[in-house]
Amino acid sequence: MNWKIVRLELAQCRGSSRASASKAYLLRVPLDVDGRIDAEAIASNPARATVARFWASEPDMHGRVERENGHWRLRWLDKAGQLARIPAVPLRLNERVSIEGPGGSEAFSVASINDSGRQILERP
């Protein structure tokens, strides 16, 4: 399976002239040929599917990517009960994806997709 590191950055929205790299997620997930997260590959190795959230104004957060009711759940390891959700849509370079968190939904843009040779999002 083709595991990738997908970087999502806050997308340009109304009232803002550009996107912001100061709010970003890094997903380590397997992508199929259509760019969708591969549920079977994650089921065979769930600990490998990780997420890191980097926001300039808040502490970094790390967690797991898990399947839930047709969506992907971002479950934070150090924030019990606090989740974010991503729809099961293709992740393609420069396309948008909405991430729903406790504060509402925000649009993010797929800023990069790179090969994942090793597990880099695990907390020490």
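A salt bridge does not link E68 to R75: none of the charged nitrogens lies less than 4.0 Å from a carboxylate oxygen. A salt bridge is defined here as a Lys NZ or Arg NE, NH1 or NH2 lying under 4.0 Å from an Asp or Glu carboxylate O, and R53 with D60 fails to meet this definition.
Among all heavy-atom pairs drawn from A11 and S109, the shortest one is CB-N, 3.9 Å. Considering every non-hydrogen atom in both P87 and H71, the closest pair reads CA-CD2, 3.5 Å. Of all heavy-atom pairs between R36 and A88, the closest is NH1-O, 2.7 Å.
You'll find the side chain of K23 reaches within 4.5 Å of the side chain of E106, heavy atoms only. No side-chain heavy atom of S22 sits less than 4.5 Å from a side-chain heavy atom of L10. Annotation: side chain of P30 is in contact with side chain of I42 (closest heavy-atom distance under 4.5 Å). When side chains are defined from C-beta on, N94 does not count as touching V110, because their heavy atoms never get closer than 4.5 Å. Between I37 and D32, every side-chain heavy-atom pair lies at or beyond the 4.5 Å cut-off. Side chains of V51 and L26 form no contact here, defined as non-hydrogen atoms less than 4.5 Å apart. N2 is listed as a side-chain neighbour of D115, based on a closest heavy-atom distance under 4.5 Å.
The main-chain N or O of E40 is found under 3.5 Å from a side-chain atom of D38 such that the two form a donor-acceptor pair. Checked by atom type and distance alone, the side chain of R92 pairs as donor or acceptor with a backbone atom of D34 at under 3.5 Å. A distance-only check finds no donor-acceptor pair linking the side chain of R64 to the backbone of P46 [under 3.5 Å].
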Pair V65-L74, side chain to side chain contact (heavy atoms under 4.5 Å, CB included): steps then yes or no | CA-CA 5 Å; V65 179; L74 308 179; 3.9 Å; yes
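W72 carries R67 over the face of its six-membered ring, with the cationic atom under 6.0 Å from the centre and within 45° of the normal.
To the nearest 0.5 Å, the span separating CG on L77 from CE on M61 amounts to 9.5 Å. Here K4 contributes atom NZ and L31 contributes atom CG; the two are 7.0 Å apart, rounded to the nearest 0.5 Å. For the atom pair CD1 (I86) and CD1 (I99), the distance works out to 4.5 Å, reported to the nearest 0.5 Å. Distance check, rounded to the nearest 0.5 Å: CG of L27 to CZ of F108 gives 10.5 Å. Note: N114 CG to R28 CZ = 12.5 Å, rounded to the nearest 0.5 Å. Taken to the nearest 0.5 Å, the CD1 atom of I5 stands 6.0 Å off from the OG1 atom of T50.
Ring-plane geometry between Y25 and W76 is classed as parallel, the angle between the planes falling under 30 degrees on a 0 to 90 degree scale with a further cut at 60.
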